[in-house]
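Here the structure is laid out as structure tokens; the discussion comes afterwards.
Below, all heavy atoms of this structure are taken into account, side chains as well, without hydrogens, waters or symmetry copies.
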Amino acid sequence: MERELRIKSIHNGTVIDHIRAGQALNVLKILRITGASKAVISVAMNVPSKNITSKDIVKIEDRELASDEVDKIALIAPNATINIIRGYEVIEKHKVQLPDEIEGIIKCANPNCISNTKEPVSPKFVLHEVDPLQFRCFYCDRILVGDFIDYVKT
């Protein structure tokens with residue numbers, strides 16, 4: 001008889017499912033969740049999945065994500081699903097969606113971009129390509145490609 005260790009259900013909070021394998025710790029990073037947090041956080045990495053080889057899952061008790069946090073997650077986990085839990089029941093479930101435009105979430109890689117100077121300008125990007133994921137800086141036209149965790153403002 002095979003035994004499995006399962007992560008305990010949460011009473012209230014958020015479950016982020018279908019995170020690309022290996023990205024769960026980056027999700028915690030962009031949500032500014034550290035070891036000093038008082039919330040109970042459950043992380044499962046490299047969990048077998050029906051649709052993909054493996055995935056990561058993050059459960060955050062007693063916290064529902066703000067829309068800008070969901071936008072950040074979409075940058076590194078564009079196939080993630082957000083489940084809002086109340087009273088042990090899923091009351092809301094939706095896939096993250098890449099926004100057509102993002103502002104103040106990622107910073108430009110161009111050190112000479114106006115958004116990286118002392119000017120009161122918030123970094124702004126336009127979705128350029130979906131596969132591979134690319135964003136274009138609104139101000140200097142620099143294209144950001146790859147691991148967006150390096151550009152996320154925390």
Side-chain angles (χ1 to χ4, degrees), residues 1-109 115 122-138 142-154:
M1 182 174 176
E2 187 176 325
R3 299 181 107 194
E4 280 188 51
L5 177 63
R6 300 200 182 261
I7 297 175
K8 180 181 160 199
S9 298
I10 61 175
H11 185 257
N12 293 309
T14 303
V15 175
I16 308 164
D17 197 358
H18 302 102
I19 302 167
R20 189 174 73 232
Q23 292 294 319
L25 298 179
N26 286 332
V27 168
L28 296 178
K29 180 179 178 182
I30 64 173
L31 294 176
R32 291 187 228 143
I33 295 173
T34 65
S37 174
K38 294 185 188 227
V40 175
I41 310 297
S42 300
V43 177
M45 298 179 74
N46 300 311
V47 176
S49 173
K50 294 176 190 169
N51 300 332
I52 53 177
T53 307
S54 62
K55 65 181 179 178
D56 291 355
I57 302 168
V58 173
K59 292 185 177 188
I60 309 164
E61 290 194 38
D62 299 322
R63 179 172 170 187
E64 293 183 15
L65 302 181
S67 62
D68 66 321
E69 292 175 314
V70 173
D71 288 346
K72 288 180 184 180
I73 290 169
L75 293 174
I76 62 168
N79 297 315
T81 304
I82 308 293
N83 299 295
I84 304 301
I85 312 296
R86 293 191 191 134
Y88 295 104
E89 299 290 328
V90 176
I91 60 114
E92 184 180 324
K93 181 176 186 167
H94 63 274
K95 289 184 67 101
V96 297
Q97 292 187 347
L98 287 169
D100 292 330
E101 197 173 275
I102 54 175
E103 187 169 351
I105 293 177
I106 57 177
K107 57 187 176 187
C108 187
S115 66
S122 181
K124 185 175 178 180
F125 290 84
V126 177
L127 181 62
H128 184 70
E129 290 286 332
V130 174
D131 191 15
L133 186 57
Q134 300 177 12
F135 281 93
R136 179 182 49 80
C137 178
F138 180 80
R142 172 76 60 103
I143 304 291
L144 298 184
V145 182
D147 193 1
F148 288 94
I149 191 66
D150 297 332
Y151 306 110
V152 173
K153 293 175 75 172
T154 53

*Could you tell me which residues satisfy ring pair (Phe, Tyr, Trp, His ring centres under 6.0 Å) with Phe148, sequence neighbours excluded, listed by chain and number?*
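Partners of Phe148 under the ring pair (Phe, Tyr, Trp, His ring centres under 6.0 Å) test: Phe135.
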*Excluding sequence neighbours, so at least two apart, what forms side chain to side chain donor-acceptor pair (under 3.5 Å) with Thr81?*
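Applying side chain to side chain donor-acceptor pair (under 3.5 Å) to Thr81 gives His18.
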*In chain order, what residues pass the side chain to side chain donor-acceptor pair (under 3.5 Å) check against Asn26, with sequence neighbours excluded?*
Gln23
Heavy-atom closest pair, residues [X] and [Y]:
X	Y	value
Ala77	Ile19	CB-CG2, 4.1 Å
Lys124	Glu101	CE-OE2, 3.1 Å
Asn46	Ala21	OD1-CB, 3.5 Å
Ala109	Leu144	CB-CD2, 3.6 Å
Asn12	Gly87	OD1-N, 3.0 Å
Ala80	Ile73	CB-CG2, 4.2 Å

Of all pairs that satisfy ring-ring contact (aromatic ring centres under 6.0 Å, His included), the ones with a partner from [range], not counting sequence neighbours:
range	answer
residues 46-103	His11-Tyr88
residues 36-73	none
residues 50-87	none

Could you state the interatomic distance from [atom1] ([X]) to [atom2] ([Y]), rounded to the nearest 0.5 Å?
X	Y	atom1	atom2	answer
Glu103	Phe138	CD	CZ	9.0 Å
Thr53	Arg20	OG1	CZ	13.0 Å
Leu65	Ile84	CG	CD1	6.0 Å
Ile82	Glu92	CD1	CD	10.0 Å
Thr14	Ile85	OG1	CD1	8.0 Å
Cys137	Arg142	SG	CZ	9.0 Å

*In this structure, which one of Lys59, Lys55, Lys95 forms a salt bridge (charged side-chain N to carboxylate O under 4.0 Å, His left out) with Asp17?*
Lys55
Is the closest side-chain heavy-atom distance between [X] and [Y] below 4.5 Å?
X	Y	result
Arg63	Ile33	yes
Leu75	Ile30	no
Ile60	Ile10	no
Asp71	Val96	no

*Can you spot which of Leu25, Val27, Ile76, Ile106 makes a side chain to side chain contact (heavy atoms under 4.5 Å, CB included) with Ile149?*
Ile76
